Amino acid sequence: MSFDRVRVRIAPSPTGDPHVGTAYVALFNYVFARKHGGDFIIRIEDTDQTRYRGSSEDMILRSLKWLGLSWDEGPDVGGAYGPYRQSERREIHAKYAMQLVESGHAYRCFCTPARLEVMRQEQKAAGKTTGYDRHCRGLSQTETAAHLTAGDTFVVRLKMPTEGKTVFQDYVRGAIEIDNGRIDDQVLLKSDGYPTYHLANVVDDHLMKISHVMRAEEWITSTPKHVLLYQAFGWEVPTFCHLPLLRNPDRSKISKRKNPTSLRYYERSGILPHTLLNFLGLMGWSFGDNVEIFSVAEMIERFDPKHIHLGGPIFDQSKLNWLNNQYLQKSTDDEFVSYIRDQMFSPEILKLLKPLVCERIDRMEQFVDKNAFFFNGALTYDQATLVPKEKTVADVISVAGALADVLDDVYDWDGEHLKAALDTHREAIGWKPKDYFMTLRLILTGRKDSPPLIESIVVIGREVTRFRLRSLPQLLK
RNA sequence: GUCCCCAUCGUCUAGCCUGGCCCAGGACACUGCCCUUUCACGGCAGCGACGGGGGUUCAAAUCCCCCUGGGGACGCCA
């Protein structure tokens, strides 16, 4: 291999909560980099303007710092190969895309999203695999020029070979091959001028001298596209290593609807950062010698991606709890004090709580009992009081589920947006305000005498709110 | 549906590459007992798996093939 240095990266997309899957991939990359004295890099892949959330990048970096995974280059610390935010690299990506157009490896496509949608529908109806029909691939220079002068928007697509097969070596899986005929003419540059993941990823990995691409298994199918892209550019292909996907208890790809996925949830619920790292290290990998409890430093000593078990591990909360308990028991007095003080009763949380709780307590002694729900995860419910007259348990469960969906779409977790979302949802389902808000109050705070609902939800946070809403069906069974 | 990946206790896994030491080891969960004024911790014990079928071999959890099952991908999302 001619990469003279191990350089790995994680490429999170700032579209929401910091994800436990990001931490998982980050851990393995981090450990691999440290093991080989290489570099661990964070690159923010914010090329999707429709899903971009401003606060997300900060939260992701914050959560990774909380975990103690430090990076050598990234959007906040810079580095020799920056910028590390793809939105700031648009000109670079556009330049390389046009370079491929000129070299004949790519072409402009003027098909509208509407046309593509119709095409896909037809393909689906005919029972075929969906894929671009290469309508614009054969466009003549004059036809292209006509579109251009007409001001038609276009995307740039990679011209995939129609014959032969593309093979790449996965570091843990061995050779993986796919017939070129089934690889789509991938969009490289979107009509808004932003690159797609495929282009940006390959270009940036090359420019940043990434030697090993360790990412989740879901990328296997598109890896041949990436390989073909490297070849079109004439660049050396890095080593690919696809990690297994974390799973929900039902074995589907881990998702926030079925399992808490936010790192902030684990932080808020009092899982220690080194517990989570240790636990993640147990997913698909084992230390050996029947040792289950180990530090990241110890993991670095033993780690070898070759020994990754490829079955997708279920992210099971009960073993995580056991592990955390082990660490809690082992902690020193000072450590324990700082865990509780910094992670549970942090000044940030207490300051948020102050305006909500102050007028409702006289002696401070009442604080803990009256406000336990701000710190708890799951609550217990009394069905009789939870369900309004004229409503059933099933009604409440369905409202909770629907509301969880609604709140997943609320990107700005503040009073204003939450109020709007709740009002809209309440009207949509036609519940009386009194029933709706009291039921919600009981579900989310567990008591009737809690501080104002919306403000409370803001503090409880997105993760715990979702958790209470989503876990309600089990609790009412 | 098509393609790709995967397959050991309910769960996380060891063993598989380099077949015999495996009638499969550890951990979580669960059950029982012990410790204990309670709960928890801790200790001990128990329950519990090589998906199925063909090969190869003196010998297969380990190698090969098929089936089945699970997952992923099929976007101007990453």
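Note that the coordinates shown come from a computational prediction; the quantities given were computed from them, not determined experimentally. Letters A, B, ... mirror the listed sequences (proteins, then strands); counts begin at 1.
Computed from coordinates, the Asn321(A) CG to C41(B) P distance equals 12 Å when rounded to whole Å. Atom pair Ile10(A):CD1 and A78(B):C1' shows a separation of 14 Å (rounding to whole Å applied). If you take CE of Met283(A) and P of A27(B), they are 17 Å apart, rounded to a whole angstrom. Atom pair Tyr194(A):OH and A78(B):C1' shows a separation of 15 Å (rounding to whole Å applied). Distance, Asn325(A) CG to A40(B) P: 12 Å, rounded to whole Å. With rounding to whole Å, His309(A) atom NE2 is found 8 Å from A7(B) atom C1'. If you take NZ of Lys253(A) and P of C4(B), they are 20 Å apart, rounded to a whole angstrom. Taking atom CD1 of Ile293(A) as the reference point, atom P of U13(B) lies 17 Å away to the nearest angstrom.
Remark: A73(B) base-pairs with U2(B). Criterion, Watson-Crick or G-U wobble with two distances under 3.5 Å. Nucleotide A27(B) is matched to U11(B) when pairs are restricted to Watson-Crick or G-U wobble geometry with both distances under 3.5 angstrom. Taking a pair to require two hydrogen-bonding distances under 3.5 Å in either a Watson-Crick or a G-U wobble arrangement, G42(B) pairs with C34(B).
For the C1' atoms, the distance linking A49(B) with U13(B) amounts to 12 Å, nearest Å. Comparing A27(B) with U18(B), their P atoms sit 31 Å apart, to the nearest whole Å. One P atom belongs to C17(B), the other to C12(B), and the distance between them is 23 Å to the nearest Å. Rounded to whole Å, the separation between the P atoms of C65(B) and G72(B) comes to 25 Å. A59(B) and C5(B) are spaced 31 Å apart, taking the C1' atom of each and rounding to whole Å. Comparing the C1' positions of G43(B) and U62(B) gives an interatomic distance of 36 Å, to the nearest angstrom. Between the P atoms of A14(B) and A73(B), the separation comes to 25 Å (whole Å). Using atom C1' as the reference point in both G48(B) and A29(B), the two lie 11 Å apart (nearest Å).
Of the listed nucleotides (G72(B), C41(B), G26(B)), G26(B) has the atom at the smallest distance from the side chain of Asn290(A). The Arg251(A) side chain lies nearest to U11(B) when the options are U11(B), G25(B), A73(B). Among C3(B), G72(B), C5(B), the nucleotide with an atom closest to any side-chain atom of Ile178(A) is C3(B). Nearest to the side-chain atoms of Arg173(A) among the listed nucleotides C6(B), A78(B), G72(B) stands C6(B). The listed nucleotides are C12(B), G72(B), A78(B); the one nearest the side chain of Arg51(A) is A78(B). Side-chain atoms of Gln329(A) lie closest to G42(B) of the nucleotides A7(B), G25(B), G42(B). Across C74(B), G72(B), U13(B), the shortest atom-to-atom separation from the side chain of Pro313(A) is found for U13(B). Nearest nucleotide to the side chain of Asp48(A), out of A78(B), A27(B), U11(B): A78(B).
Base contact: Glu292(A) has a heavy atom under 4.0 Å from a base atom. Residue contacts shown for Ser13(A) are limited to sugar-phosphate atoms, with no base heavy atom under 4.0 Å away. Contacts of Cys111(A) with the nucleic acid, taken as non-hydrogen atoms under 4.0 Å apart, include base atoms. In this structure, Val155(A) reaches the bases: a heavy-atom distance under 4.0 Å links it to at least one base atom across the strands shown.
The side chain of Thr130(A) contributes an N or O atom lying less than 4.0 Å from OP1 or OP2 of G75(B). Listed pair Arg120(A) / G75(B) meets the phosphate criterion, a side-chain N or O lying under 4.0 Å from OP1 or OP2. Side-chain nitrogen and oxygen atoms of Gln326(A) include at least one within less than 4.0 Å of the OP1 or OP2 phosphate oxygen of G42(B). An OP1 or OP2 oxygen of A78(B) is reached within less than 4.0 angstrom by a side-chain nitrogen or oxygen of Thr47(A). The phosphate of A14(B) has OP1 or OP2 within less than 4.0 Å of a side-chain N or O from Ser286(A). Applying the 4.0 Å criterion to OP1 and OP2 of A73(B), one finds that Lys225(A) has every side-chain N and O outside that range. The phosphate of A78(B) (OP1 or OP2) has a side-chain N or O of Lys190(A) nearer than 4.0 angstrom. The side chain of Arg247(A) places no N or O atom within less than 4.0 Å of a non-bridging phosphate oxygen (OP1 or OP2) of G70(B).
Looking only at atom types and distance, the side chain of Thr162(A) has no donor-acceptor partner in the side chain of Asn180(A) under 3.5 Å away. Side-chain contact annotation: Asp316(A) with Ser318(A), donor-acceptor N/O pair under 3.5 Å present. For the residue pair Tyr197(A) and Asp48(A), no side-chain donor N or O sits within less than 3.5 Å of a side-chain acceptor on the partner. Gln49(A) and Asp192(A) form no side-chain donor-acceptor contact under 3.5 Å, judged by distance and modelled atom types alone. Remark: the Trp71(A) side chain and the Asp76(A) side chain contain an N/O donor-acceptor pair separated by less than 3.5 Å.
The residue among Asp46(A) and Gly312(A) whose nearest nucleotide of RNA chain B lies closer to the 5′ end is Gly312(A).
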Report task. List the steps and the verdict of salt bridge (Lys or Arg N to Asp or Glu O under 4.0 Å) for Lys256(A) and Asp17(A). Result -> CA-CA 10 Å; Lys256(A) 63 186 174 190; Asp17(A) 292 338; over 6 Å; no
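Paired with Glu57(A) under the rule salt bridge (charged side-chain N to carboxylate O under 4.0 Å, His left out), one option of Arg85(A), Arg62(A), Arg43(A) passes, and it is Arg85(A).
Checked by distance alone, Ser191(A) brings a side-chain donor or acceptor within 3.5 Å of a matching partner on the base of C76(B).
When every heavy atom of Val464(A) is checked against every heavy atom of Asn376(A), the shortest pair comes out as CG1-O, 4.0 Å.
Annotation: side chain of Thr130(A) is not in contact with side chain of Glu122(A) (no heavy-atom distance under 4.5 Å).
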